[in-house]
Protein chains: 2
Amino acid sequence: MKFRRSSRLVDMTNYLLQHPRRLVSLTVFADRYDSAKSSISEDLTIIKQTFEQQGIGTLQTVSGAAGGVKYIPYVGEVEAKGFISELREQIANPDRLLPGGYLYLADILGDPQIVNQIGRLYASVYSDRKIDVVMTVATKGIPLAYAVARYLDVPVVIVRRDSKVTEGSTVSINYVSGSTKRIQTMVLAKRSLNEGSSVLIIDDFMKAGGTINGMVSMLEEFNAHVAGIGVLVEAEDIEERLIDEYISLVKLTDVNVKEKQISVSEGNYFSYLKSLGEIAQEQYDEGTVDEE
Amino acid sequence: MKFRRSSRLVDMTNYLLQHPRRLVSLTVFADRYDSAKSSISEDLTIIKQTFEQQGIGTLQTVSGAAGGVKYIPYVGEVEAKGFISELREQIANPDRLLPGGYLYLADILGDPQIVNQIGRLYASVYSDRKIDVVMTVATKGIPLAYAVARYLDVPVVIVRRDSKVTEGSTVSINYVSGSTKRIQTMVLAKRSLNEGSSVLIIDDFMKAGGTINGMVSMLEEFNAHVAGIGVLVEAEDIEERLIDEYISLVKLTDVNVKEKQISVSEGNYFSYLKSLGEIAQEQYDEGTVDEE
């Protein structure tokens, strides 16, 4: 069946959005719509322009016999600033205060739209790194890990506090919790991670970084290595941070239980967010994509 | 800035896909693209046709002053059959067998594309029910719950086995595990669920149904009620099932550890999947949408 341009644009947009970072040969689209490759190329130019203009992302064109087009999710600085500013406001709501100065965040982490947007933000900042898998620890980091992984088109592995019969044989490590200095255990199913994988660690909250440090030690057991560390909230008032390089969306600068005040500032996210032009230039320098 | 039709179609497609089941006034689009409402209406007709033809879903038009358009995610029977058939094949792989006849499913549940597709399937079958929130129990059901919730545009609440300081005050119940007959505990943060909510329960696996039954009891504590129960895998060889109405994608009919054979059949999903025509007719009968 032949498709008109208008229908092709709608369907291709959906197809590309559903397959982020996956190389799609122009032949796939040409066959799908029974259309000439030249028409498909024109469609892709329109989609690319609209994606970039509307802050949806960009399309990368790869030339040659194995070439095609790839949708790269990307959030621009203005949109990211707006989102993080809303997030700060939400987190600073004093109703979140729990005994002991803890914060209730289950409503934010329970909102699929917010979680999805956090995934887009992290995918944008890690878009030029080689990542094979996203890792998190049960329970609260799980939705964030999946949101990021979906935009990066990689699987998720989940570290647990206790071993379950449905995991098969596991690797177990002990680590020191950064703030309470207690010895804790985490386990990971042996078959869930391949040797030599590049792993993006994602978690909801980082204080001293003990749990994340535990995940880093776990990666060593699998001869895997850290491709990046992303946390939604970092707590500031820490004597000694166990983790050096991480990217946070927001920073908890002060929690005053008595005055019922929560101070939240921007995390270090924007020190890492490149512009679309920079990403395109890097890709071009590497010779992996065509110049437009 | 004025948009051409081709750019509008790309951006509107993305916008609608990012906001499933949300009513968008035509004015929003008219303003966004500085275009006449009549042009927007024509665009929406093209998008609706393409969505239905390509199995992406449909658009519902609501008339009147508070009217607009809504994207309803929907998977057609052919696509659902194909997906479930692939899933059956994957689950029947004897490499999954663990001691005790348990199955390793972490790779399937760790694949965001598969998880997302499961979400679409459940959203299609529950699209005509009133659902306020999706509930699951930690850990393995979490990604599935978020995938469904994103397509239904509702939040997720997570029941836990143990209470955490970051949950605030919780409601705790005891329940009897269906297969082992042991007494177990589950807890839910008090502020995570509103009274009277209609709740869709989602989990990865159901044997006798003890855990799901526990979640049903938990809902009673909140004066909330069950809007539906969806499980990815149901095990068949059960003397007494504690749950009557549920929708499963696949059914484990036999696990033979000695012969290393896993038999997997279709779940009861297709007894519940309506056609797009049936859904449209129901909506029309209720007077909530316009006839095309």
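This is a predicted model, so every value here is computed, not measured. Just so it is clear: chains get the letters A, B, ... in the order the sequence lines come, proteins before strands, and each one is counted from 1.
Per-residue counts of heavy-atom pairs under 4.5 Å with chain A were compared for Asn116(B), Leu103(B), Ile47(B); the largest is that of Asn116(B). Chosen from Ile142(B), Ile158(B), Asp111(B), the residue pairing most often with chain A at heavy-atom distances under 4.5 Å is Ile142(B). The candidate with the highest count of non-hydrogen atom pairs below 4.5 Å against chain B, out of Arg5(A), His19(A), Gln18(A), is Gln18(A). By number of non-hydrogen pairs under 4.5 angstrom with chain A, the leading residue of Val165(B), Val154(B), Asp107(B) is Val165(B). Most heavy-atom pairs under 4.5 Å with chain A: of the set Ala106(B), Ala138(B), Pro143(B), this distinction falls to Pro143(B).
Within 6.0 Å of atom OH in Tyr102(A), 12 or fewer heavy atoms from other residues, nucleotides or ligands are found, so the atom counts as exposed in its surroundings. At most 12 heavy atoms of other shown residues, nucleotides or ligands fall within 6.0 angstrom of atom CG in Asn194(A).
Neither the backbone nor the side chain of Gln49(A) comes within less than 4.5 Å of any heavy atom in chain B. In this structure, chain A has a heavy atom under 4.5 Å from the backbone of Arg96(B), while its side chain stays farther away. Only the side chain of Asp153(A) comes within contact range of chain B, judged by heavy atoms closer than 4.5 Å. Heavy atoms of Arg22(A) lying under 4.5 Å from chain B belong exclusively to its side chain. Both the backbone and the side chain of Ala149(A) come within contact range of chain B, each with at least one heavy atom under 4.5 Å from a heavy atom of that chain.
When all heavy atoms are compared, the tightest approach of Ile46(B) to Ser7(A) is CG2-N, 4.3 Å.
With rounding to the nearest 0.5 Å, the separation of CD in Glu167(A) from CG in Leu105(B) is 10.5 Å. From Thr139(A), atom OG1 reaches atom CZ of Arg161(B) across 11.0 Å, with rounding to the nearest 0.5 Å. Atom CE of Met12(B) is separated from atom CG of Leu9(A) by 13.0 Å, given to the nearest 0.5 angstrom. How far CD of Gln54(A) is from CZ of Arg32(B): 5.5 Å, rounded to the nearest 0.5 Å.
Ile56(B) is listed as a side-chain neighbour of Asp11(A), based on a closest heavy-atom distance under 4.5 Å. The shortest distance between side-chain heavy atoms of Pro20(B) and Gln113(A) falls below 4.5 Å. Contact annotation: the side chain of Val115(B) never approaches that of Arg150(A) to less than 4.5 Å [non-hydrogen atoms, C-beta and beyond]. Within the 4.5 Å cutoff, side-chain heavy atoms of Leu17(B) are placed close to those of Asn14(A). Two residues are said to be in side-chain contact when any heavy atoms from C-beta on lie closer than 4.5 Å; Thr166(B) and Lys140(A) meet this criterion.
Here Tyr104(B) pairs with nothing under the ring-ring contact (aromatic ring centres under 6.0 Å, His included) rule; sequence neighbours left out.
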